[in-house]
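Since the structure comes first, as structure tokens, the remarks are kept for the end.
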4 protein chains.
Amino acid sequence: MSDQEPAPAPPVAPARPHPDATRRSDRSRRAIYAAALALVSEVGYPRTTIEGIAARAGVGKQTIYRWWSSKADVLLEAFLDLGEQAARAAGQDPAAQAIPDTGDLAADLRAVLRATVDELCDPRFEAPSRALAAEGLVDEQLGREFVAKLLDPSLQLYVDRLRAAQDAGQIRPDVDPRIALELFVSPLAQRWLQRTAPLSHAYTDTLVEYALYGLVPR
Amino acid sequence: MSDQEPAPAPPVAPARPHPDATRRSDRSRRAIYAAALALVSEVGYPRTTIEGIAARAGVGKQTIYRWWSSKADVLLEAFLDLGEQAARAAGQDPAAQAIPDTGDLAADLRAVLRATVDELCDPRFEAPSRALAAEGLVDEQLGREFVAKLLDPSLQLYVDRLRAAQDAGQIRPDVDPRIALELFVSPLAQRWLQRTAPLSHAYTDTLVEYALYGLVPR
Amino acid sequence: MSDQEPAPAPPVAPARPHPDATRRSDRSRRAIYAAALALVSEVGYPRTTIEGIAARAGVGKQTIYRWWSSKADVLLEAFLDLGEQAARAAGQDPAAQAIPDTGDLAADLRAVLRATVDELCDPRFEAPSRALAAEGLVDEQLGREFVAKLLDPSLQLYVDRLRAAQDAGQIRPDVDPRIALELFVSPLAQRWLQRTAPLSHAYTDTLVEYALYGLVPR
Amino acid sequence: MSDQEPAPAPPVAPARPHPDATRRSDRSRRAIYAAALALVSEVGYPRTTIEGIAARAGVGKQTIYRWWSSKADVLLEAFLDLGEQAARAAGQDPAAQAIPDTGDLAADLRAVLRATVDELCDPRFEAPSRALAAEGLVDEQLGREFVAKLLDPSLQLYVDRLRAAQDAGQIRPDVDPRIALELFVSPLAQRWLQRTAPLSHAYTDTLVEYALYGLVPR
DNA sequence: ATTTAAGCGAGACGGTACGTCTAGTCTTTTG
DNA sequence: CAAAAGACTAGACGTACCGTCTCGCTTAAAT
């Protein structure tokens with residue numbers, strides 16, 4: 001029996017075990033993040049290339065291929081890093097963002113959705129997040145990462161706020177907050193992503209009203 | 001206003017006025033549609049290439065470039081054509097699909113959303129529509145075409161049904177149907193597109209219930 | 001009869017059947033020859049790259065890969081073409097070069113070897129022919145082509161001249177001309193190729209004398 | 001003191017003064033020789049890489065770059081070492097190889113050339129010596145080293161033997177041995193290097209005969 | 001006996017070129 | 001004159017090595 005097959009691979013070994021991460025160049029990592037975000041903003045995602053990122057970052061291509069599996073993967077990490085840095089710059093604790101709870105659920109939701117509308121129109125975020133969302137639609141693996149790292153954490157904030165409202169008797173106790181939040185978040189997401197209709201503060205206010213009080217006459 | 005396009009382009013003339021359409025080969029057009037849909041299903045959108053479509057369709061590349069502006073454009077037309085053929089095969093009039101009106105709005109919405117869930121899981125439709133949606137997120141021109149030709153017509157059906165319900169006093173008269181429909185359509189769209197959570201008939205039933213009657217206690 | 005099986009390959013079929021040669025761009029072919037020869041002269045063979053040739057010739061890389069199998073192959077054809085053009089420019093018939101026959105064999109050989117020495121020192125020829133010879137030492141396939149197309153034709157001229165001398169009784173009738181010619185040609189070749197010792201007209205004169213009359217006393 | 005300017009270099013100091021040779025690892029040196037020779041034999045010279053040699057030898061790349069200037073340089077030393085070891089294994093004194101002198105010059109030359117033919121066909125020697133010769137054609141510095149360390153010592157043996165023959169009156173006193181030896185050595189070298197024709201004992205016998213007694217009738 | 005300080009295995013780094021693939025254009029031939 | 005065929009320029013892909021540059025680790029000489 002032959003014994004020279006290269007593959008069998010011990011069960012736990014990862015397919016492409018990251019090389020020695022302790023020797024990784026932080027300088028290069030940052031430069032790559034910056035280059036990726038800049039290029040996506042300037043020339044758009046499809047015309048952003050790995051070669052272009054490497055050249056702009058002053059980095060060898062292999063340094064990108066060594067640490068990331070695809071252009072989208074680079075951009076995802078760059079975007080996450082951007083978010084962390086922004087959070088660190090603004091608030092102190094990058095993990096302590098919550099929807100405010102003034103006791104007035106409707107007002108709180110209106111405020112956070114208005115802020116979301118403003119953020120979605122910020123050109124710094126638009127190009128990369130659109131590109132990542134698009135790539136995630138088609139590339140399931142990336143999509144799941146995108147959802148897990150970017151989308152779910154945001155949605156969880158709504159779950160928390162709605163639970164609090166439930167505890168205060170402001171939301172029907174039988175309502176599933178994970179579904180309920182979609183009533184105002186998903187329409188906004190779809191309008192922005194697919195440009196099915198324009199965004200505005202009035203629009204999100206309306207969404208909150210409809211969602212909280214329903215469409216049928218009381 | 002943009003000012004950096006390289007090609008001067010005569011003021012009003014379209015960049016590439018379609019050549020004489022009367023002499024167009026129908027055989028080639030159909031072969032291209034079939035090849036495009038087949039390739040997207042088989043190898044996925046990113047690995048579907050113009051060259052591949054041409055080769056599979058037994059067609060010169062130029063024949064594709066002559067009549068379409070991009071890979072996405074080919075796929076969009078192919079998909080529209082597929083929809084028309086399916087409609088022609090099923091119902092009679094491809095333009096006469098409406099949401100049934102049994103008088104029970106909740107039941108009608110539940111039914112149509114359940115059918116939509118089933119359709120979204122049909123693998124024949126999944127690959128191309130996902131690909132088109134993704135491309136549309138990033139390519140604004142294509143996105144608008146996608147929305148105008150595929151999405152808006154479907155949404156209009158909901159507008160019509162909700163208007164009828166409004167006339168019957170089943171929906172508050174001050175509700176904007178174009179916004180209202182998003183309460184149950186957008187969540188479904190987002191779960192499917194971004195895989196944020198699984199789809200099921202129970203889920204869409206819940207959406208209808210929340211949207212119609214609101215989240216707060218009555 | 002079927003002809004699309006990928007593997008077995010009928011005896012005569014070339015491994016990589018050249019694409020339709022009738023559509024080949026002559027302009028590109030010439031530009032590639034010129035670029036290859038220029039680069040080898042300017043930067044040397046090892047630093048001459050396919051990319052460099054393509055860039056200099058204003059040609060896509062694929063056009064090189066389409067018609068040649070390697071850098072050495074390009075250079076070999078370019079060099080052959082150069083030789084043909086030079087011959088066409090000088091004499092009329094590119095195939096009618098012969099060693100002169102004045103009746104004095106020794107004088108004729110001295111003359112042609114002196115001319116060879118001069119040619120070997122011509123820097124236009126030195127770089128490419130050295131490079132081809134070197135590549136041919138290691139790449140057997142190329143080496144055989146090099147010998148067949150460049151070396152053998154030249155050697156055949158010596159065979160012809162020596163045969164004539166044999167007919168005139170100036171060379172022993174039992175001598176094999178194909179071996180005899182090596183007595184003066186190979187030493188010259190080795191000194192030039194391997195730089196084992198300097199070249200000069202006196203040296204080649206000496207070679208002719210030793211070879212014709214032997215080393216032992218008469 | 002700055003140390004990173006690339007160019008000026010103190011007048012006499014060698015560009016890369018060998019590091020402390022007393023601390024050199026003999027184990028690594030030997031492993032590198034073995035790996036280089038093995039790889040050249042197995043995959044050929046062009047596909048032999050410094051990285052490959054280092055990996056095979058279980059050595060860091062820098063250890064190679066520290067002691068040698070190029071792949072060819074490694075191979076040259078490895079080959080010289082191989083020769084020395086072979087000589088040490090066979091005869092006792094690696095420097096005392098001489099062409100035998102039985103008094104019969106023709107017979108002695110025939111014998112040594114026959115042995116040379118056999119050695120040239122030994123696959124252990126063929127790949128590396130061919131590769132070194134090829135590299136030396138193009139890289140003048142390496143070529144001169146190759147000639148000085150490998151070729152010239154061998155040729156000197158012929159010079160010595162021919163001088164002895166001259167002293168014995170078997171060779172014309174006006175003959176230059178350094179040129180005379182090329183009459184039989186160079187043809188053999190060319191046939192082997194450039195594969196212009198097959199090698200055989202009969203062939204070298206003929207060369208000796210022609211060279212000693214000349215081509216013209218006596 | 002400890003402290004240098006070099007060579008060492010290892011491998012990440014900025015790069016260059018590879019050979020392949022596809023884009024989109026252009027040209028030639030066929031129906 | 002549309003279409004099939006396919007050669008063309010252009011350039012990104014992902015890989016392989018280059019030669020340089022740290023990292024810790026041994027290991028021998030100089031303290």
Side-chain angles (χ1 to χ4, degrees), chain A residues 18-25 27-28 31 46-55 57-67 69-71, chain B residues 19-25 27-29 31 46-55 57-67 69-71, chain C residues 19-25 27-28 31 46-55 57-67 69-71, chain D residues 4 6 19-25 27-29 31 47-55 57-67 69-71:
Chain A
H18 270 194
D20 186 344
T22 65
R23 299 208 162 172
R24 186 168 181 183
S25 161
R27 165 189 243 288
S28 295
R47 298 228 299 281
T48 295
T49 65
I50 301 248
E51 294 209 328
I53 295 171
V59 139
K61 284 203 293 180
Q62 200 57 38
T63 299
I64 298 185
Y65 286 110
R66 191 176 293 118
W67 300 107
S69 64
S70 67
K71 177 171 72 160
Chain B
D20 185 347
T22 65
R23 311 195 84 180
R24 184 168 181 184
S25 159
R27 167 189 240 288
S28 295
R29 207 189 74 244
R47 297 227 301 280
T48 296
T49 64
I50 301 254
E51 295 210 327
I53 296 171
V59 137
K61 285 201 300 180
Q62 198 61 357
T63 301
I64 297 184
Y65 285 111
R66 203 185 336 268
W67 300 106
S69 65
S70 67
K71 177 171 71 161
Chain C
D20 185 344
T22 67
R23 300 210 157 168
R24 185 168 182 184
S25 160
R27 166 188 243 287
S28 295
R47 297 228 300 280
T48 296
T49 65
I50 301 250
E51 294 209 329
I53 295 171
V59 138
K61 286 201 293 179
Q62 199 57 35
T63 299
I64 298 185
Y65 286 109
R66 197 181 345 264
W67 301 107
S69 63
S70 67
K71 177 171 73 161
Chain D
Q4 60 208 19
D20 185 346
T22 66
R23 298 196 143 192
R24 184 169 183 183
S25 160
R27 166 188 240 290
S28 295
R29 206 190 76 244
R47 298 228 299 281
T48 296
T49 65
I50 300 253
E51 295 208 328
I53 296 170
V59 138
K61 286 201 297 179
Q62 198 63 355
T63 300
I64 298 185
Y65 286 110
R66 191 177 295 118
W67 301 106
S69 65
S70 68
K71 176 172 72 160

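In what follows, chains carry the letters A, B, and so on, assigned in the order in which the sequence lines appear, proteins first and then strands, with residues in each chain numbered from 1.
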Just the table, please: protein N/O against nucleotides 1-4 of chain E N/O, every pair under 3.5 Å.
none

Does F:dC8 have OP1 or OP2 sitting under 4.0 Å from an N or O in the side chain of C:W67?
yes
From CD1 of A:I53 across to C1' of F:dC13 the rounded distance in Å is 13 Å
Could you state the NZ-C1' distance from B:K71 to E:dT22, rounded to the nearest angstrom?
10 Å
Separation between CZ of D:R47 and OG1 of D:T49, rounded to the nearest 0.5 Å
11.0 Å
Taken to the nearest whole Å, CZ/A:R27 to P/F:dC21 is 15 Å
Salt bridge (Lys or Arg N to Asp or Glu O under 4.0 Å) involving C:K71 - partner list, sequence neighbours excluded
none
How close do A:A31 and A:A57 get, heavy atom to heavy atom, and via which atoms?
O-CB, 3.5 Å
Spacing between B:R47 atom CZ and E:dC21 atom P, to the nearest angstrom
13 Å
Residue pair A:I64 / A:I50: nearest heavy atoms and the distance that separates them
CD1-O, 3.9 Å
Rounding to an integer number of Å, can you tell me how far A:I64 CD1 sits from F:dT15 P?
13 Å
Report each atom pair, protein N/O against N/O of nucleotides 14-16 of chain E, whose distance is under 3.5 angstrom.
from, atom 1, to, atom 2, distance (Å)
E:dG14, OP1, A:S28, OG, 2.7
E:dG14, OP2, A:G60, N, 3.4
E:dG14, OP2, A:T63, OG1, 2.7

I need the OH-P distance between B:Y65 and E:dT22, as an integer number of Å.
11 Å
Within 45 degrees of the ring normal and closer than 6.0 Å to the centroid, is that where the cationic atom of B:R29 sits relative to B:W67?
no
Whole angstrom is fine here: how far is it from CG in A:D20 over to P in F:dC23?
12 Å
Write down the distance between CD1 (B:I50) and P (E:dC21), rounded to a whole number of angstrom.
18 Å
Taking for each residue the nucleotide of DNA chain E bearing the nearest heavy atom, is the 5' side occupied by B:T48 or by C:G52?
C:G52
